[in-house]
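Reading through the structure tokens given below for one structure.
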Amino acid sequence: MLVFRHNDKSCEIDKDSLTLHDALKALGLDSKKVIAADFNGEHSDLSRTVTSGGEISPITADTPEGLEILRHSTAHLMAQAVLRLYPGTHFGVGPAIKDGFYYDIDVAGTITEEDLPKIEAEMRRIAGAGEKVAREDMTKDDALKFFADDPYKTELITDIDAPSVSVYKQGEYADLCRGPHVPDASKIHNFKLLSIAGAYWRGDEHNKMLTRIYGTAFATPDELKEYLRRMEEAKLRDHRKLGRDLDLFSLHEEGPGFPFFHPKGMAIMNTLIDFWRREHVKRGYTEIKTPQILDRELWIRSGHWDHYRENMYLTEIDEKPYAIKPMNCPGSLLVYKTQLRSYRDLPMRLAELGLVHRHERSGVLHGLMRVRCFTQDDSHTYIEPTKIKEEVLQIMDLDKYVYTNVFGFKYTVELSTRPEDSMGTDEQWEAAESALRDALESTNTPYTVNPGDGAFYGPKIDFHLEDCIGRTWQCGTIQLDFQLPGRFDATYIGEDGAEHTPVLIHRVVFGSIERFMGILIEHYAGAFPFWLAPVQVKIIPIAGDHMNYARELYDTFMSWGLRPEIDSREEKLGRKIRDAQLQKVPYMLVVGDKEKEAHTVGVRKRSEGDLGSMSLEEFRELLSKEFNPIH
RNA sequence: GCCGGUGUGGCUCAGUGGCAGAGCAGCGCACUCGUAAUGCGCAGGUCAACGGUUCAAAUCCGUUCACCGGCUCCA
């Protein structure tokens with residue numbers, strides 16, 4: 001007698017064993033949409049035979065768990081199709097990921113994106129034929145025999161720490177896999193292969209590069225269509241495209257990874273910096289500036305020479321070796337050391353908008369997001385060891401204010417711990433890591449841990465922001481450092497009259513101003529809020545003889561501290577409006593006879609359209625209601 | 001750096017071995033205009049660079065560079 005329950009339903013079956021599929025049927029929970037079952041909290045194949053009863057629920061593809069199973073099964077379906085079209089192909093790993101799945105394959109010859117439709121067609125054939133998917137458990141030894149001619153599966157099986165493994169077979173294709181999977185390929189309808197890329201076996205660049213095919217699958221055709229549409233739309237907010245269209249910045253072959261900022265890009269950057277300065281003054285920071293090029297000896301002392309040399313640009317002055325700074329910390333330490341410091345001076349928050357150069361490998365450059373020179377909104381804060389948590393909390397408060405209140409970003413937080421290539425003792429690292437953890441936990445900040453991802457001098461908390469297609473980029477970071485102050489003999493005199501070594505906190509909020517601008521461009525799709533817009537007000541004279549009034553307005557707006565612009569072209573009104581809209585200017589002011597006479601402006605708002613005529617005072621009042629963190 | 005793809009006027013793109021094209025932008029002329037593209041005309045390219053094959057190369061081959069999608073690495 002087996003008893004199965006689902007919520008308040010239950011049924012008794014007079015048998016010794018039963019498949020989960022039959023159990024669902026007995027409970028009246030079966031339908032075409034069901035692809036797997038949740039049995040006692042475990043995701044299982046419908047075909048799984050159980051010898052005792054329990055809690056059971058159907059899993060459908062319209063739930064997150066179901067979608068993951070569907071995508072994983074779609075990856076297997078793709079693998080089977082690839083095996084048919086390219087016999088002899090070996091398979092690496094093929095998991096479901098956010099928004100889809102991939103499979104890494106080792107295929108003779110090359111597959112290009114042009115081959116994807118062919119593979120898709122084969123997948124549809126297999127799915128149409130309803131290819132059955134069957135699980136088979138076997139011992140590791142049997143599995144090793146089974147996959148004897150497959151070096152990748154052999155490696156995976158060898159590394160598995162369990163006596164037996166499961167293998168999923170569908171037709172001529174079989175894969176080492178934990179499962180669960182759809183019962184047969186006919187459950188898979190709405191999928192698309194998206195792109196092709198190289199990927200190192202097991203993510204290690206010393207290993208062979210496999211061919212990775214990305215694809216996605218959804219429960220319904222509409223969801224698939226919607227996803228593809230969203231991706232297309234996202235491309236329109238790509239900061240590289242908008243940067244060109246809006247004349248913000250450019251990149252040139254003459255300086256790969258070294259962005260050029262145009263007047264409008266600089267208007268945004270300077271406004272950001274203006275905001276940044278005001279906010280830092282409020283929070284007790286002072287600002288310094290240190291040189292671009294410093295003696296190599298300094299970098300040897302700081303540890304950069306040993307741990308960061310690959311990323312540094314080197315030069316020579318009067319036959320003496322120098323390096324272009326990849327970080328601002330050593331310069332800051334030299335400033336700190338110019339005086340004898342007291343505990344009363346601490347925390348000493350020395351901020352610096354430092355332009356750093358780092359050699360990045362050619363394949364990683366990406367618009368403003370990944371460049372070879374960028375401006376860090378840095379600070380090096382020197383504190384007493386007992387004040388770490390307090391200071392970290394203060395920085396986290398600043399981060400939250402900037403990301404959430406000012407820009408409305410969603411962000412994720414990561415704690416990165418000691419890397420292999422690092423300086424310092426285990427005790428120091430432990431103390432630093434637990435200080436950061438403590439700060440995160442006392443503020444209930446959700447975070448994930450990145451083991452081994454810290455800087456060479458200390459652990460860090462990173463803040464990640466998303467770009468338009470969901471890739472995340474590290475922006476803010478808080479890094480604890482117990483190493484550099486000691487290396488530089490930086491000290492302070494404590495309350496006890498003795499010399500102590502301060503703890504150094506490296507931190508950035510924007511991270512890289514360049515990267516942050518890239519994120520902002522995509523976040524706003526180029527339609528910057530009023531306070532950041534490079535052109536805030538576009539004055540549009542209707543005809544030539546309204547130019548004088550337009551110039552008068554221009555002068556007035558300049559005196560208000562705005563960034564105005566006149567469209568003086570001999571064009572029709574409609575054309576000027578259209579162009580200003582496309583340039584995403586927040587306010588368009590149409591001025592003709594009526595306005596000139598009454599000394600008013602015809603206000604058109606980018607987001608709302610024509611607001612009608614109003615006096616200059618009324619317009620100013622309207623602007624004063626705009627969000628503006630600088631005022 | 002690695003794998004795959006791409007490179008034609010400022011931008012978007014056609015052109016697959018036989019005289020380099022279109023639209024938009026630019027410039028000139030006309031229109032003096034009321035809330036998302038006025039009309040006509042003109043000019044603009046060493047087809048990424050270098051080398052090769054060919055009677056002939058934007059087109060085929062090779063090398064390099066840059067860019068795009070990933071991997072690895074990172075703010």
Side-chain angles (χ1 to χ4, degrees), chain A residues 102 104 110-115 194-214 235 238 240-241 244-245 247 250-257 308 310-311 326-327 354 356 358-378 416 453 455 460 462-465 469 471 473-477 479 506 508-516 518-519 540-547 569-582 588-595 602-606 609-613:
Chain A
Y102 67 77
D104 286 347
T110 56
I111 291 183
T112 71
E113 302 209 354
E114 286 167 18
D115 299 318
L194 298 171
S195 63
I196 214 142
Y200 299 110
W201 166 239
R202 307 198 110 183
D204 186 335
E205 65 177 316
H206 303 295
N207 288 341
K208 181 170 182 178
M209 183 157 271
L210 306 179
T211 302
R212 174 171 295 182
I213 305 176
Y214 283 96
K235 276 190 209 149
D238 190 312
R240 293 164 300 188
K241 175 182 162 51
R244 204 177 29 242
D245 292 350
D247 196 17
S250 55
L251 290 155
H252 302 265
E253 284 203 19
E254 290 82 349
Y308 208 71
E310 266 68 68
N311 296 296
M327 294 187 194
V356 296
R358 297 180 182 177
H359 181 68
E360 298 290 348
R361 303 205 286 192
S362 60
V364 306
L365 301 178
H366 183 95
L368 295 182
M369 304 296 201
R370 191 75 183 270
V371 293
R372 284 179 174 152
C373 90
F374 57 97
T375 313
Q376 290 187 303
D377 62 321
D378 219 339
S416 295
D453 237 15
K460 54 180 188 164
D462 293 327
F463 297 80
H464 292 249
L465 303 178
I469 58 172
R471 289 177 292 215
W473 298 90
Q474 185 182 318
C475 289
T477 180
Q479 312 186 346
H506 312 241
V508 287
V509 183
F510 296 148
S512 139
I513 297 186
E514 289 77 359
R515 174 179 287 181
F516 198 78
I519 301 263
I540 302 179
I542 288 176
D545 48 345
H546 307 122
M547 267 305 287
R569 295 174 304 170
E570 297 205 354
E571 278 295 348
K572 302 278 188 278
L573 175 63
R575 177 52 174 278
K576 295 184 188 180
I577 297 271
R578 178 184 155 83
D579 288 347
Q581 273 304 140
L582 291 175
M588 287 149 266
L589 299 185
V590 176
V591 292
D593 289 335
K594 209 168 67 188
E595 287 76 15
V603 179
R604 181 191 169 93
K605 207 168 167 177
R606 171 180 68 195
D610 192 357
L611 300 185
S613 282

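To find a chain, count down the sequence lines: A is the first, B the second, and so on, and within it residues start at 1.
Among the heavy atoms of the strands lying under 4.0 Å from A/E595 is at least one base atom, whether or not backbone atoms are also near. Nucleic acid contact class of A/K576 (heavy atoms, under 4.0 Å, all strands): none.
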Using atom names, set out every protein N or O paired with an N or O of nucleotides 24-33 of chain B below 3.5 Å, distance rounded to 0.1 Å.
from  : atom 1 : to     : atom 2 : distance (Å)
B/A25 : OP1    : A/R575 : NH1    : 3.4
B/A25 : OP1    : A/R575 : NH2    : 2.1
B/C31 : O2     : A/K572 : NZ     : 2.8
B/C31 : N4     : A/E570 : OE1    : 3.2
B/U32 : O2     : A/G544 : N      : 3.0
B/U32 : O4     : A/E570 : OE1    : 3.1
B/C33 : O2     : A/K572 : NZ     : 2.8

What's touching nucleotides 10-16 of chain B from the protein side, N or O pairs under 3.5 Å?
from  : atom 1 : to     : atom 2 : distance (Å)
B/U12 : OP1    : A/R244 : NH2    : 2.9

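Across all strands shown, B/G51 forms a Watson-Crick or G-U wobble pair with B/C61, both key distances being under 3.5 Å. Under the Watson-Crick and G-U wobble criteria, each requiring two contacts below 3.5 Å, nucleotide B/C27 is paired to B/G41. Base pairing of B/C2 is made with B/G70, judged by Watson-Crick or G-U wobble geometry with both donor-acceptor distances under 3.5 Å. Judged by Watson-Crick or G-U wobble contacts below 3.5 Å, the nucleotide B/U16 has no partner.
With sequence neighbours excluded, the residues satisfying ring pair (Phe, Tyr, Trp, His ring centres under 6.0 Å) with A/Y102 are A/Y214.
Between the CE atom of A/M588 and the CZ atom of A/R578 there is a distance of 12.5 Å, given to the nearest 0.5 Å.
With a 4.5 Å cut-off on side-chain heavy atoms, A/S613 and A/V603 do not count as touching.
The P atoms of B/U8 and B/C50 are separated by 16 Å, rounded to the nearest whole Å.
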Heavy atoms under 4.0 Å is the rule here; annotate nucleotides 60-65 of chain B 5' to 3' with B where the base is hit, S where only the sugar-phosphate is, and - elsewhere.
-----S
Using a 4.0 Å cut-off on protein heavy atoms (strictly under), produce a 5'-to-3' string for nucleotides 39-47 of chain B with B for base contact, S for backbone-only sugar-phosphate contact, and - for none.
---------
Tell me, for nucleotides 68-75 of chain B in 5' to 3' order, what letter each nucleotide earns: B for a base near a protein heavy atom under 4.0 Å, S for only sugar-phosphate near one, - for neither?
SBBBBBBB
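One can place CZ of A/R578 at 6 Å from C1' of B/A36, the figure rounded to the nearest angstrom. Rounded to a whole Å, the CD1 atom of A/I577 is 10 Å from the P atom of B/A37. Rounded to whole Å, the distance from CE on A/M588 to P on B/G34 is 18 Å.
No donor-acceptor contact under 3.5 angstrom links the side chains of A/Q474 and A/R515, judged on distance only.
A donor-acceptor pair under 3.5 Å links the side-chain atoms of A/D115 to the main chain of A/T112, judged by distance alone. Not one N or O on the side chain of A/K235 forms a donor-acceptor pair closer than 3.5 Å with the backbone of A/K241.
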